[in-house]
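These notes are about the structure you will find just below.
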Amino acid sequence: CEGVAQVAVELRRTAYGPAVAACEKELAKTKDFRLLLAALDEHYYSLLAQALKRAPDAFTAGFLQDKLDFANALVVLRMKKSGVKNDLISKRLAPGGSPRLLKQMLEQDTVEKALAVFARRKHLDENALKQAEKAGGLAAVESELGKGSLFVVSFPTPNVVSFPTPNGV
């Protein structure tokens with residue numbers, strides 16, 4: 001675990017310093033690198049939540065909200081799959097997630113139903129999600145979500161496309 005200890009020393013000198021400091025004693029005692037990963041994740045998602053509050057426009061806010069919602073959805077799905085109770089799941093969620101979405105996901109009695117709620121709310125291709133889950137479980141779903149290939153994109157199609165002319169007419 002000398003490698004992890006050295007990584008912690010290096011990270012202490014960055015913006016992640018407070019996160020590392022919070023887990024350093026336990027990390028030294030247990031040598032469990034997952035403590036460091038969890039601390040870094042928690043810090044990262046708290047920074048995203050802060051950025052969401054200061055988002056300069058709707059596009060940026062939507063992007064940050066989606067990042068938080070995807071992260072929280074994966075926590076809900078993984079923990080539900082492991083049989084963890086909702087009150088414990090709630091404690092592991094990143095701040096800034098969509099409360100209504102998370103509540104609806106937590107209310108579901110199966111992972112499949114929770115995933116379906118997420119898919120509908122985030123306009124994802126439910127069939128592709130189901131196929132990914134059948135093929136490789138939650139790991140495959142995570143992979144597909146990471147690729148962004150499950151979005152159902154529908155933009156209004158203009159009937160006429162006009163380009164500006166050199167003289168602006």
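The figures that follow rest on heavy atoms only: side chains count, while hydrogens, waters and symmetry mates do not.
Atom CZ of Arg121 is surrounded by more than 12 heavy atoms from other residues, nucleotides or ligands within 6.0 Å.
Judged by distance alone, with hydrogens and angles left aside, the side-chain atoms of His43 form a donor-acceptor pair with the main-chain N or O of Ala15 at under 3.5 Å. At distances below 3.5 Å, not a single donor-acceptor pair connects side-chain atoms of Thr14 with backbone N or O atoms of Glu10. Here the side chain of Thr30 pairs a donor or acceptor atom with the backbone of Asp32 at under 3.5 angstrom. A distance-only check finds a donor-acceptor pair linking the side chain of Lys80 to the backbone of Leu106 [under 3.5 Å].
Here Thr110 contributes atom OG1 and Leu115 contributes atom CG; the two are 9.0 Å apart, rounded to the nearest 0.5 Å. In this structure, Gln50 CD and Tyr45 OH are separated by 15.0 Å, a value rounded to the nearest 0.5 Å. Note that CE of Met105 and OG of Ser98 are 11.0 Å apart. Values are rounded to the nearest 0.5 Å. In this structure, Asp57 CG and Phe63 CZ are separated by 12.0 Å, a value rounded to the nearest 0.5 Å. Atom-to-atom distance recorded for Cys23:SG and Arg34:CZ is 13.0 Å, nearest 0.5 angstrom. For the atom pair CG (Asp69) and CD (Gln65), the distance works out to 4.5 Å, reported to the nearest 0.5 Å.
When the side chains of ILVMFWY residues are joined at heavy-atom separations under 4.5 Å, either directly or via intervening members, Leu52 and Leu47 end up in two distinct hydrophobic clusters. Cluster annotation: Val4 is not connected to Val9 through the hydrophobic network of ILVMFWY side chains, with a link wherever side-chain heavy atoms come within less than 4.5 Å.
Centroid-to-centroid, the aromatic rings of Phe118 and Phe70 come within less than 6.0 Å.
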Stepwise side-chain contact (heavy atoms from CB on, under 4.5 Å) test for Leu93 and Val76: CA-CA 8 Å; Leu93 298 174; Val76 170; 3.9 Å; yes
Steps toward side-chain contact (heavy atoms from CB on, under 4.5 Å) verdict (Leu101, Lys122): CA-CA 9 Å; Leu101 169 64; Lys122 291 296 180 178; 4.0 Å; yes
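Using a 4.0 Å cut-off between charged nitrogen and carboxylate oxygen, Lys85 and Asp87 do not count as a salt-bridge pair. Salt-bridge annotation for Glu107 and Lys113: absent, with no side-chain N of the basic residue lying under 4.0 Å from a carboxylate O of the acidic one.
No side-chain heavy atom of Lys81 sits less than 4.5 Å from a side-chain heavy atom of Leu77.
The only option from Leu68, Asn86, Asn72, Ile89 that meets the side-chain contact (heavy atoms from CB on, under 4.5 Å) definition with Leu102 turns out to be Asn72.
Considering every non-hydrogen atom in both Leu88 and Met79, the closest pair reads O-CE, 4.4 Å.
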